[in-house]
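In what follows, every chain begins at residue 1, and chains take the letters A, B, ... in the order their sequences are listed.
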Amino acid sequence: MSSVLTSRDTDYSQWYNDLVLKGGLADYSAVRGCMVIKPYGYGLWENMRDQLDRMFKETGHQNAYFPLFIPKSFLSKEAAHVEGFAKECAVVTHYRLKNDPNGGGVIVDPEAKLEEELIVRPTSETIIWSTYKNWVQSYRDLPILVNQWANVVRWEMRTRLFLRTAEFLWQEGHTAHATRQEAIEETEKMLEVYATFAEEYMAMPVIKGVKTANERFAGAEDTYCIEAMMQDGKALQAGTSHFLGQNFAKAFDVTFTDRENKIDHVWATSWGVSTRLIGALVMAHSDDQGLVMPPKLAPLQVVIVPIYNKKDAEASQRIDDTAAAVIKELKAKGIRVKYDNDDTTRPGWKFAEYELRGVPVRIAIGARDLENNVVEVARRDEKTKETVSLDGLSGTIETLLADIQSNMFHKAQKFRDEHITRVDSWEEFVKVLDEKGGFVSAHWDGTPATEDKIKEMTKATIRCIPLNNEQEEGKCVLTGNASKERVLFARAY
RNA sequence: CGGGGAGUAGCGCAGGCCGGUAGCGCAUCUGGUUUGGGACCAGGGGGUCGCAGGUUCGAAUCCUGUCUCCCCGACCA
C-alpha cells in the first residue's frame, strides 16, 4: 500500500487531512493559510456550484459581480459589521513595486502609497449597498435579487483545509426589499434552498435554526443557519442566511419611495455557502478507506476497470468493446463515467485508488464475466460487490446510484439522530459533551451571559434554536432559570 | 500569540547522543514477465541534509540565530 490513511479512531484531524490530500481534492500552497484546490476537488465544487446556481435562478435570482477591493471607509459604516470583521482583513496599502536600490530584489515603492487603503473583501455587503444606493429610488426598483460567485479573504489565525482557509470560494446573495416581511420571507426561502441542497444533493442531514445573538452575523438582525453533524460528534455550520433589517440601508442611505409616496429605508438579506461544504461532505460520509462521494455531486460517478489477459488479445478486445457499449449507454443517461484502461497500473491498484477517491460505483469487466454475460459491480458506500447481468446494465446502474444517494443520506441521518441527546442537568450536559459528543438539546435561560459561561466551561456553543421549535417549560441547564424551549448545544468547527 | 511536533531524493522515514562527505522503503526510468484487491525479476537515475552564521583539518551530526509547515488552544464561515 503506497498511500495508507490514518484511521478516524487514531487521529480524526489527520484522517481528514489525509483524505483531502491523498484523495486528490487539494494541496497546501506556498501561501500560509491558502490552499490549492486540485482538479478533482474543483470538479466537486463545480457540481455543487452548478446545482446551487440552478436553484438560485429558479428562485428568481441573477448573478452579478462586485469588486474584490473595498475602500476602507466603507467597511466602517455599519458599526457591528466593522467590529465583526476588522480583525481579519487583508489591506492593500500600495500600488507599485520597484527594484531595491540595495540589491535586495523588489520592494514596495514608498512613493506609491494609496490615498485610501483598500480592504480585500471579507464579504461584500458594504460595496454592494454602496452600489444599491444608486439602483433604488422607487418601490418599483425592488426587489433586487442578486447573487455573486466570488473569492473572499479572512485572515484567520488558524486554518484547516476547506473548513477554514484565509481565502475561500463562495457565493453571496444580496437582496433588497420594500418590506420587512418580504425580506424575512427571502431569508427563510434561501435557508430552505440550502437545506434542500444539503440533504438532497450532499446527502447530509441538517437542522434549520436561528442563531443566538452571540453567534449572529455582524450587522444582521437575525441569522438563520443549517447545522450539520460530523462523524466525530462536532457540529458544522454549513450555510447561513441573514435578515439584515435596515442596517445596511441606513448605513449607506439607501431609501425608496413607496406606494403611499412615503420615503423609507430598504430591507435587506444576505446568504452564503462556501467551499467549506466540501469539508462538510468529506467529514459527513467518508470512511477509513477514503472519500465517499454522493452520486449527485461526485465528479466521477462510475469507473470501469478492465481485467485484461495478455495471452488473450481477442478477449481484451471484447472487454474494450463491451466497455465502450456500456459507456455509451451510461452517458446517454447523463451518468459521469470513466474507462480506466491504463495498462501501466493493475486492477488491484485501481480498485484501491478509486475507493480512496470515493467514486460511487465501480464496474470490473474480465474475460470470465463476458463468458457469462455479466460484470462485477461494486458500490463504494457499503463496500459490497455483486455480479450483475450486462442486459439492462445502464438501468441497473442508474437505480444503484439513486440507491447509494439515498442510503448515504439515511446513514448520515441515523448517525445524526443518534447524536442528539436531551439532557436536563448540568452533570449530564458535561458528560454527554465529553463522552458522546453531538448535539445536546437543553434548556437555556436566553441570556448571552449564560451562553458565554457555558462556552467558557465546556467549549460548547449554541448552534441554533431550531425552527418550529417545540415550546416546553423548563429550567436552564446552567442557571436553573425559567426557559420556554430547548436549544441545541455542541462543540463546533 | 501560547503549547507540542517536524523540516535529509517526488512521498514516507533512518542516520544525529559518539563529527570523517548520506542510506532504506515507496515512487520514477529501461528491459522482460504479468493483470479478478495497491505485481515480480534484473538494471539505472535522482539529495548544496530548510536557511544563515560559527566551532573544527573536516559538520546532516556540535553551537547561535532565523524561516517554514503541521497538530492542540485563543479568533472565526
Side-chain angles (χ1 to χ4, degrees), chain A residues 1-6 11-18 21-22 27-35 83-89 122-123 152-172 194 211 214-218 223 225-228 235-242 270-280 289-290 305-312 315-316 319 340-356 362-370 374-376 378 383 385 387 455-456 459 461 463 491-493:
Chain A
M1 297 272 282
S2 57
S3 60
V4 189
L5 298 171
T6 306
D11 184 342
Y12 193 84
S13 295
Q14 195 54 49
W15 166 78
Y16 174 78
N17 286 336
D18 282 0
L21 298 170
K22 293 175 181 166
D27 261 339
Y28 292 113
S29 75
V31 186
R32 179 194 184 86
C34 293
M35 63 190 281
E83 170 80 13
F85 286 105
K87 285 169 295 189
E88 51 191 40
C89 285
T123 178
V152 287
V153 169
R154 296 181 187 176
W155 217 264
E156 300 290 349
M157 289 163 137
R158 185 173 160 229
T159 58
R160 302 193 64 184
L161 294 166
F162 287 115
L163 298 174
R164 181 167 298 107
T165 45
E167 179 192 12
F168 58 94
L169 305 183
W170 77 344
Q171 58 69 216
E172 46 182 327
Y194 288 156
K211 288 291 189 190
N214 282 5
E215 300 283 320
R216 197 177 288 153
F217 175 75
T223 288
C225 63
I226 50 171
E227 290 285 328
L236 185 138
Q237 178 176 303
T240 50
S241 183
H242 314 292
S270 69
W271 28 274
V273 295
S274 71
T275 37
R276 178 182 235 205
L277 288 179
I278 293 176
Q289 275 68 51
V305 177
I307 314 293
Y308 290 128
N309 182 338
K310 252 211 178 119
K311 283 180 279 190
D312 191 346
S316 296
I319 291 169
D340 188 350
N341 61 348
D342 179 354
D343 201 25
T344 64
T345 55
R346 305 171 77 241
W349 192 89
K350 293 173 186 173
F351 293 175
E353 182 64 16
Y354 289 109
E355 267 164 27
L356 174 60
R362 181 188 72 231
I363 302 175
I365 308 178
R368 233 160 51 205
D369 298 313
L370 295 188
V374 295
V375 293
E376 181 193 85
K383 291 186 297 247
K385 291 191 277 203
T387 303
K455 182 179 181 184
E456 195 183 308
K459 295 189 172 72
T461 50
R463 300 321 301 155
R491 294 194 177 125
Y493 278 99

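Heavy atoms of A:S274 sit under 4.0 angstrom from at least one base atom. Looking at heavy-atom distances under 4.0 Å, A:D369 makes contact with a base. When heavy atoms are screened at a 4.0 angstrom cut-off, A:E156 is found touching base atoms of the nucleic acid. Within 4.0 Å (heavy atoms only), A:K459 reaches sugar-phosphate atoms of the nucleic acid but no base atom. The residue A:L163 sits close to a base: some heavy atom pair falls under 4.0 Å. Counting any heavy atom pair closer than 4.0 Å across all strands shown, A:A367 reaches a base atom. Nucleic acid contact for A:T165: base, since at least one base atom lies under 4.0 Å from a heavy atom of the residue.
The nucleotide whose nearest atom lies closest to any side-chain atom of A:W349 is, among B:C70, B:A77, B:G38, B:G38. Listed candidates were B:G36, B:U34, B:C76. Nearest to the side chain of A:K311 is B:U34. Considering only side-chain atoms of A:R164, the nucleotide from B:A77, B:C71, B:C76 that sits closest is B:C76. With B:G36, B:G38, B:U34 as the candidates, the nucleotide lying closest to the side chain of A:E353 is B:G38. Out of B:G37, B:G36, B:C70, the shortest distance to the side chain of A:E355 is found at B:G37. Distance from the side chain of A:K87 is smallest for B:C75 among the nucleotides B:G37, B:C71, B:C75. With distances taken from any side-chain atom of A:P347 to the nucleotides B:C70, B:A77, B:U35, the minimum falls on B:U35. Each of B:G37, B:U35, B:C75 was ranked by its minimum atom distance to the side chain of A:Y308; first place goes to B:U35. Closest to the A:K310 side chain, of the nucleotides B:U35, B:G38, B:C75, is B:U35. Here the nucleotide nearest the side chain of A:D343, chosen from B:U34, B:G36, B:C70, is B:U34.
Distance check on atom P: B:G7 versus B:A14 gives 7 Å, rounded to whole Å. Going from the P atom of B:C76 to that of B:U8 covers 36 Å, rounded to whole Å. To the nearest whole angstrom, the two P atoms, one in B:C41 and one in B:A27, are 12 Å apart. Nucleotides B:A9 and B:C1 have their P atoms positioned 29 Å apart, rounded to a whole Å. For the P atoms, the distance from B:C11 to B:U56 is 36 Å, rounded to whole Å. To the nearest whole angstrom, the two P atoms, one in B:G50 and one in B:A59, are 15 Å apart.
For A:R32 and B:C69, the shortest distance from a side-chain N or O to OP1 or OP2 is below 4.0 Å. When the side-chain nitrogen and oxygen atoms of A:N309 are compared with OP1 and OP2 of B:U34, none of them lie within a distance under 4.0 Å. Applying the 4.0 Å criterion to OP1 and OP2 of B:A39, one finds that A:R346 has a side-chain N or O inside that range.
Taking the ring axis of A:F162 as reference, the NZ or CZ atom of A:R276 does not stay both within 45° of it and closer than 6.0 Å to the ring centre.
For A:D18 (side chain) and A:T6 (main-chain N/O), a donor-acceptor pair under 3.5 Å exists by modelled atom type.
Shown here for A:T123 and A:W170, the closest heavy-atom pair between the two residues is OG1-CH2, 3.5 Å. A:R362 and A:E355 get closest at one heavy-atom pair: NH1-OE2, 3.3 Å. Of all non-hydrogen atoms in A:E156 and A:T165, the two that sit nearest each other are CG-O, 4.4 Å.
Using bins of under 30°, 30° to 60° and over 60° for the plane-to-plane angle, the ring pair A:Y194/A:W271 lands in the perpendicular bin.
The partner of B:C57 is B:G20, by the rule that a Watson-Crick or G-U pair needs both atom distances under 3.5 Å. As the counterpart of B:C69, B:G5 is assigned, both hydrogen-bonding distances of the Watson-Crick or G-U wobble pattern falling under 3.5 Å. Across all strands shown, the partner of B:G25 is B:C11, judged by Watson-Crick or G-U wobble contacts whose two distances both fall under 3.5 Å. The partner of B:G31 is B:C41, by the rule that a Watson-Crick or G-U pair needs both atom distances under 3.5 Å. Nucleotide B:G36: unpaired (no Watson-Crick or G-U wobble partner with both distances less than 3.5 Å). Base pairing annotation: B:A52 forms a Watson-Crick or G-U wobble pair with B:U64, both donor-acceptor distances under 3.5 Å.
The nearest heavy atom of RNA chain B to A:A492 and to A:K385 marks one nucleotide each, and the one closer to the 5' end goes with A:K385. Between A:Y493 and A:S29, the residue whose closest nucleotide on RNA chain B is further toward the 5' end is A:S29.
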